[in-house]
Amino acid sequence: MNLQQKVYKKLLQVPKGQITTYGELAKAVGLKNGQRAIGKIMNKNPYPVIIPCHRVVMSTGKIGGYAYGEHVKTKMLSDEGVKIENGKILELENKLYRF
DNA sequence: CCTCAGGCTTGCC
DNA sequence: TGGCAAGCCTGAG
């Protein structure tokens, strides 16, 4: 199974209203320090419709990047119940999903 | 708060 | 086939 396959399957486990970090996701698929790899995969993700890559944020609590624009990612998250302020996740620890 | 180097995969040459 | 650069990051300095 490709890395991307594992990645999006893991990502699909994240319920609406919750989020995860690139690092956590990387570990979840077997990579200890593959955050950038995850970012690359998300950026070029083959299934933009079924993969909620907007639920992945940086470990620092910031939004991070997004293929269609950070503001779009920000809006989608707030629509799902994740409050964001100044590009940062509010109550990150409380919204984080543990695999 | 900003800069720098590390670690992982994919894509093009 | 083999090498190189780049990407939605991260933790230390």
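In what follows, chains carry the letters A, B, and so on, assigned in the order in which the sequence lines appear, proteins first and then strands, with residues in each chain numbered from 1.
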Between C1' on C/dC9 and CD on A/Gln35, what's the gap in Å once rounded to a whole number? 5 Å
Among B/dG6, C/dT10, B/dT9, which is the nearest nucleotide to the side chain of A/Lys40? B/dT9
Taking the side chain as everything from C-beta on, heavy atoms only, tell me whether A/Met42 gets closer than 4.5 Å to A/Val7. yes
Does A/Ser59 put a side-chain nitrogen or oxygen below 4.0 Å from OP1 or OP2 of C/dT10? yes
Applying the 3.5 Å cut-off to both distances, the Watson-Crick or G-U partner of B/dA5 turns out to be C/dT10
Between C1' of C/dT10 and CG of A/Leu31, the distance in whole Å: 15 Å
Give A/Gly65 one of three labels, base, sugar-phosphate or nothing, depending on what nucleic acid heavy atoms sit under 4.0 Å from its own. base
If you measure from NZ on A/Lys27 to CG on A/Asn33, what distance do you get to the nearest 0.5 Å? 9.0 Å
Euclidean distance, atom NZ of residue A/Lys32 to atom P of B/dG7 [Å, nearest integer]: 10 Å
Just checking A/Gly23: base, sugar-phosphate only, or nothing, at a heavy-atom cut-off of under 4.0 Å? sugar-phosphate
Please check if atom OH in A/Tyr68 has more than 12 non-hydrogen atoms from other residues, nucleotides or ligands closer than 6.0 Å. no
A/Asn33 CG to B/dA5 P: how many Å, rounded? 18 Å
NA contact type, A/Met58, heavy-atom cut-off 4.0 Å: base, sugar-phosphate, or nothing? sugar-phosphate
Gap between atom CD1 of A/Ile84 and atom CD1 of A/Ile19 - 0.5 Å precision: 7.5 Å
Using side-chain contact (heavy atoms from CB on, under 4.5 Å), reason through A/Leu31 and A/Leu3 one step at a time and then give a plain yes or no. CA-CA 10 Å; A/Leu31 301 177; A/Leu3 220 206; 3.9 Å; yes
Whole angstrom is fine here: how far is it from NZ in A/Lys6 over to P in B/dT10? 10 Å
DNA chain B: A/Ala37 or A/Lys44, which has the more 5' nearest nucleotide? A/Ala37
What integer distance in Å separates A/Ile41:CD1 from B/dT9:C1'? 6 Å
Round to a whole Å and report the spacing from CG of A/Asn45 to C1' of B/dG11. 16 Å
Expressed as a whole number of angstroms, how long is the span from A/Ile38:CD1 to B/dT10:P? 10 Å
With sugar-phosphate meaning primed atoms plus P, OP1 and OP2, does A/Lys73 contact a base, only sugar-phosphate, or nothing at under 4.0 Å between heavy atoms? base
